[in-house]
Amino acid sequence: AASDAGAVAPQPAGQDAGPAEGAPDAGPVPDKRRPPSAQQKKLHEAGLTLLRTKKYAALEKNAAGWVKRYPDDAMLRYLYGRGLFFQKKTREAAGELERAVSLDPEMFEAYYELGGVQLILKNNTEAAQALQRFLDLSPADKRAPAVRALLKKIKAGGEP
């Protein structure tokens with residue numbers, strides 16, 4: 001009906017019954033920045049567990065399906081990139097890590113991994129850009145001193 005045009009749609013049954021995330025008057029959230037659903041959070045945890053336990057083949061296989069279902073989920077793209085990397089699919093890993101940082105420009109961990117993958121691919125300019133962004137986002141990270149030294153080598157034209 002025409003009178004329903006401005007009404008807010010009710011939450012579908014079976015969704016998280018907890019308090020709503022975000023203020024009701026905040027307006028629509030762009031797809032790329034929408035908080036992950038409860039299902040996505042479960043997938044993030046499952047992927048991180050596979051990564052931590054070094055089950056890389058399972059990570060690659062599962063994450064391939066997850067990114068088809070949630071193509072704009074930066075964490076799933078990151079996890080898929082990590083799985084690809086450990087399966088020696090370096091170029092594909094670079095693509096997924098690039099997608100992760102395009103979806104979440106604050107994901108410093110993805111920049112760190114992307115920098116390493118780009119170095120392996122001998123793309124030193126892209127590696128330096130990713131590693132610099134990592135430092136910009138996380139200057140106090142315990143890996144920062146080594147990354148700064150590596151950037152100096154890259155910028156000096158030496159082999160990293």
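As the structure is a computational prediction, the values presented were derived from the model and not from experiment.
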Taking C-beta and beyond as the side chain, do [X] and [Y] meet within less than 4.5 Å on heavy atoms?
{"X": "His44", "Y": "Asp73", "result": "yes"}
{"X": "Lys42", "Y": "Ser37", "result": "no"}
{"X": "Tyr80", "Y": "Arg99", "result": "no"}

Taking only residues at least two apart or on different chains, which pairs with a member in residues 58-67 satisfy side chain to side chain donor-acceptor pair (under 3.5 Å)?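 Checked against side chain to side chain donor-acceptor pair (under 3.5 Å) - neighbours excluded - the pairs reaching residues 58-67 are Glu60-Lys89.
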I need the minimum non-hydrogen distance between [X] and [Y], along with the two atoms involved.
{"X": "Ala144", "Y": "Pro139", "value": "CB-O, 3.3 Å"}
{"X": "Ala74", "Y": "Asp104", "value": "CB-CB, 3.5 Å"}
{"X": "Gly47", "Y": "Leu59", "value": "O-CD1, 3.7 Å"}
{"X": "Pro71", "Y": "Leu103", "value": "O-CD1, 3.8 Å"}
{"X": "Pro36", "Y": "Lys41", "value": "O-CE, 3.7 Å"}

Can you tell me how far apart [atom1] ([X]) and [atom2] ([Y]) are? Round to the nearest 0.5 Å.
{"X": "Arg82", "Y": "Glu96", "atom1": "CZ", "atom2": "CD", "value": "13.5 Å"}
{"X": "Leu51", "Y": "Phe86", "atom1": "CG", "atom2": "CZ", "value": "6.5 Å"}
{"X": "Tyr111", "Y": "Leu97", "atom1": "OH", "atom2": "CG", "value": "11.5 Å"}
{"X": "Asp141", "Y": "Glu109", "atom1": "CG", "atom2": "CD", "value": "7.0 Å"}
{"X": "Glu106", "Y": "Leu137", "atom1": "CD", "atom2": "CG", "value": "5.5 Å"}
{"X": "Lys153", "Y": "Asn124", "atom1": "NZ", "atom2": "CG", "value": "12.0 Å"}

With sequence neighbours left out, write down each residue that passes side-chain contact (heavy atoms from CB on, under 4.5 Å) with [X], or none if nothing qualifies.
{"X": "Leu48", "value": "Glu45, Arg52, Leu79"}
{"X": "Ala93", "value": "Leu84, Phe85"}
{"X": "Leu121", "value": "Thr90, Arg91, Ala94, Val117, Gln118, Asn123"}

With sequence neighbours excluded, residues passing side chain to side chain donor-acceptor pair (under 3.5 Å) with Gln132: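 Only Asp136 meet the side chain to side chain donor-acceptor pair (under 3.5 Å) criterion with Gln132.
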Residues that Arg69 engages under side chain to side chain donor-acceptor pair (under 3.5 Å), provided they are two or more places apart: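 Result, side chain to side chain donor-acceptor pair (under 3.5 Å) vs Arg69: none returned.
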Do any N or O atoms from the side chain of Arg133 and from the backbone of Phe108 form a donor-acceptor pair under 3.5 angstrom?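 Looks like no, no N/O pair under 3.5 Å.
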